[in-house]
Visitor: 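Below you'll find the structure I mean.
Atoms within a ligand are numbered from 1 in the order they appear, just like the ligands themselves.
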Amino acid sequence: MEKIKMKTPLVEMDGDEMTRIIWHSIKEILIKPYIDLKTEYYDLGLKNRDETNDQVTIDSAMATKKYGVAVKCAGITPNAQRVKEYNLKQMWKSPNGTIRAILDGTVFRMPITVNSIKPFVQSWTKPIFIARHAYGDIYKNAEIRVPGAGKAELVFTAENGEVLRETIFDFKGPGILMGMHNLDKSIESFARACFHFALDQKTDLWFGTKDTVSKTYDHRFKDIFQEIFDNEYKERFETAKTSYFYTLIDDVVARVMRSEGGMLWACKNYDGDVMSDMVASAFGSLAMMTSVLVSPDGYYEYEAAHGTVTRHYYQHLEGKETSTNSMATLFAWTGALKKRGELDDIPSLSDFAEKLEKAAIKTIEEGVMTKDLALLAELSNIKVVNTGDFLKEVNTRLIAML
Ligand code: NAP
Ligand code: MG
């Protein structure tokens, strides 16, 4: 078979630890033999982020703006322990945070479902998609540890000098304080991204905030969603026979647990961070959740929802065999290749990515899987394989399909 030619390069963001190893295996075993792979490579491994003073992260986000589609490997967000381990110049910020601040947008999380693995929540017969607003709130906050008695105020000084002032609290002793923000523009593009995705996937859209308690901040989210829905999407939703439903966040949680799934659940930034891990775990494994950042300007960044799987990496360094699941990282690659094929009008590229996904799902449904899934699968003849062997098994099935 002749290798599939690409037109525009993918922005390739390499990462850390176990996922960095998986990254290279996926390319060697499942992509390069079939595609004349064009990428613009950025090494977002922690060592190189440190050496470039994190410029490489910014460069990779700018390249995503230039080319439109990126695929990203999981990377370490440094904490105090990592600063020591890697002898870092400073505690660099989360690369995802930096990238999202540049691209703005919404993160969509989608579970990869396979027949033999039933969700822990028995009523969930359809996948649940999560849309996480990727801008602001506590992820771009200012915090103060209050040393003792004093008055805390919220002060806004307009460009014309006008001042808005609100007392937060009169402290009688030590405590903590936080200030956060969001932007109408960012919430609007979050709303549009969600409505668009729901129409595209023909799913209902659910959204919840705590607007009864946060009567200005959260209420603004609710109002913006409703205005945009009424003005731009209502009729299209009716035609597509889907619906938009708003309720309090706690009510959404209760309803989701009792539902059959099949909806897109729009979440504010923090809710999305937490709830996507809950939904992923309930569907089986963190390793079966994919993630795509969709920017309002139409840029896409694909990745796995999980991290660098540090525990497995340390085992690997000790020379022990690991059985790390590569599905979500593989689906990041196929998602990016499919999108590139679609944008550059290369049907053979999208087609290949589709087949690769099918081959991977077939492998698991035939009983060949990594350890994390073996604990969950309802099959009698399960063959547990290591990371590399799983990819080879996928390749065998892929060859048969091509
Ligand atoms: P993690 O890497 O997602 O792993 C947590 C645990 O989940 C693992 O120890 C493993 O459980 C299981 N798991 C996750 N992915 C798996 C896979 N592909 N196959 C099998 N099991 C899997 O989260 P973490 O340990 O909290 O974080 C590790 C590093 O990743 C941190 O430095 C963090 O900063 C970074 N991180 C990066 C991103 C990102 O780049 N998007 C996201 C989250 C975290 P068992 O140990 O029980 O096998
Ligand atoms: Mg999280």
Visitor: Which atoms of ligand 1 have any heavy atom of A74 under 4.0 Å away?
Guide: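 Those of ligand 1 that fall under 4.0 Å from A74 are 40 (O).
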
Visitor: Less than 6.0 angstrom separating the ring centers of F190 and Y135, yes or no?
Guide: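 Ring centres of Y135 and F190 not closer than 6.0 Å.
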
Visitor: Atoms of ligand 1 less than 4.0 Å from E303 heavy atoms?
Guide: 41 (N)

Visitor: When you compare ligand 1 with T310, is there at least one nitrogen or oxygen pair between them that comes in under 3.5 angstrom?
Guide: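 Looking only at distances, the answer is no, because the N/O contact criterion of under 3.5 Å is not met.
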
Visitor: Identify, for atom 6 (C) of ligand 1, the protein heavy atom at the shortest distance, and state residue, atom and that distance.
Guide: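 Ranking protein heavy atoms by distance from atom 6 (C) of ligand 1, first comes L286 CD1, 4.9 Å.
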
Visitor: Would D218 and K210 count as a salt bridge (charged side-chain N to carboxylate O under 4.0 Å, His left out) here? Give the steps.
Guide: CA-CA 6 Å; D218 276 21; K210 198 70 188 173; over 6 Å; no

Visitor: For ligand 1, which atoms sit closer than 4.0 Å to a heavy atom of R82?
Guide: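 Checking each atom against R82, I get 31 (C), 32 (O).
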
Visitor: When you measure from atom 33 (C) of ligand 1 to every protein heavy atom, which one gives the shortest distance, and what is it?
Guide: T77 N, 4.1 Å

Visitor: Among all the protein's heavy atoms, is there at least one whose distance to atom 43 (C) of ligand 1 comes out below 4.0 Å?
Guide: yes

Visitor: I'd like to know whether I117 forms a side-chain contact (heavy atoms from CB on, under 4.5 Å) with E378, so could you lay out the CA-CA distance, the side-chain angles of the two residues, the decisive distance to 0.1 Å, and finally the verdict.
Guide: CA-CA 6 Å; I117 295 169; E378 295 177 342; over 6 Å; no

Visitor: Could you list which atoms of ligand 1 come closer than 4.0 Å to a heavy atom of T324?
Guide: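 Answer for ligand 1: 17 (C), 18 (N), 19 (N).
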
Visitor: May I ask you to check whether F197 and F108 place their ring centres under 6.0 Å from each other?
Guide: yes

Visitor: Compare H306, Q315, M18 and give the one whose heavy atom is closest to atom 15 (N) of ligand 1.
Guide: H306

Visitor: Give the ring-plane orientation class for F195 versus F229, where under 30° counts as parallel, over 60° as perpendicular and anything between as tilted.
Guide: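 If you compare the ring of F195 with that of F229, the planes turn out tilted.
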
Visitor: Would you say atom 12 (C) of ligand 1 touches the protein, meaning some protein heavy atom is under 4.0 Å from it?
Guide: no

Visitor: Are any of the side-chain nitrogens in E188 or K185 under 4.0 Å away from the carboxylate oxygens of its partner?
Guide: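 Looking at K185 together with E188, the answer is no, because their closest N to O distance does not fall below 4.0 Å.
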
Visitor: Is the shortest distance from a Lys or Arg side-chain nitrogen in E17 or R82 to a carboxylate oxygen in the other one below 4.0 Å?
Guide: yes

Visitor: Out of all atoms in ligand 1, which are within 4.0 Å of some heavy atom of N96? Include the element for each.
Guide: 39 (C), 40 (O), 41 (N)

Visitor: Would you check whether K72 reaches within less than 4.0 Å of ligand 1, judged by its heavy atoms?
Guide: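 It does; at least one heavy atom falls under 4.0 Å.
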
Visitor: Go through it in stages, so that I can follow the logic: the residues are R220 and D184, the test is salt bridge (charged side-chain N to carboxylate O under 4.0 Å, His left out), and I'd like the CA-CA distance, side-chain angles, deciding distance and then a yes or no.
Guide: CA-CA 8 Å; R220 191 76 195 121; D184 281 9; 3.0 Å; yes

Visitor: When you measure from atom 21 (N) of ligand 1 to every protein heavy atom, which one gives the shortest distance, and what is it?
Guide: H312 CE1, 3.8 Å

Visitor: Starting from atom 19 (N) of ligand 1, find the nearest protein heavy-atom neighbour and note its residue, name and distance.
Guide: N325 N, 2.9 Å

Visitor: Is there a protein heavy atom at a distance of less than 4.0 Å from atom 24 (P) of ligand 1?
Guide: no

Visitor: So do the side chains of Y42 and D59 get within less than 4.5 Å of each other, counting heavy atoms only?
Guide: yes

Visitor: Identify the closest protein heavy atom to atom 9 (O) of ligand 1: which residue and atom is it, and at what distance?
Guide: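 The closest one turns out to be R311 CB, 4.1 Å.
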
Visitor: Does the N or O separation between G307 and ligand 1 drop below 3.5 Å for any pair?
Guide: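 Between G307 and ligand 1 (N or O atoms, distance only) the closest approach is under 3.5 Å.
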
Visitor: Got the closest protein heavy atom to atom 37 (C) of ligand 1, with its distance?
Guide: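 Looking only at protein heavy atoms, the one closest to atom 37 (C) of ligand 1 is G75 O, 3.0 Å.
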
Visitor: Regarding E12 and K72, does a basic nitrogen lie under 4.0 Å from an acidic carboxylate oxygen?
Guide: no

Visitor: Measure the distance from atom 17 (C) of ligand 1 to every protein heavy atom, then report the residue, atom name and distance (to 0.1 Å) of the closest one.
Guide: A287 CB, 3.4 Å

Visitor: Do any nitrogen or oxygen atoms of T308 lie less than 3.5 angstrom from nitrogen or oxygen atoms of ligand 1?
Guide: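 It does: an N or O of T308 is found under 3.5 Å from an N or O of ligand 1.
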
Visitor: Could you identify the single nearest non-hydrogen protein atom to atom 2 (O) of ligand 1 and state the distance to 0.1 Å?
Guide: V309 N, 2.7 Å

Visitor: Surrounding CD of Q81 (heavy atoms of other residues, nucleotides or ligands, distance under 6.0 Å), is the total greater than 12?
Guide: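 Result for CD/Q81: enclosed.
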
Visitor: Hey, would you say the W333 and Y302 ring centroids sit under 6.0 Å apart?
Guide: no

Visitor: Please identify which of these residues, D43, D14, D16, meets the salt bridge (charged side-chain N to carboxylate O under 4.0 Å, His left out) condition with R49.
Guide: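 For R49, the salt bridge (charged side-chain N to carboxylate O under 4.0 Å, His left out) test succeeds with only one of D43, D14, D16, which is D16.
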
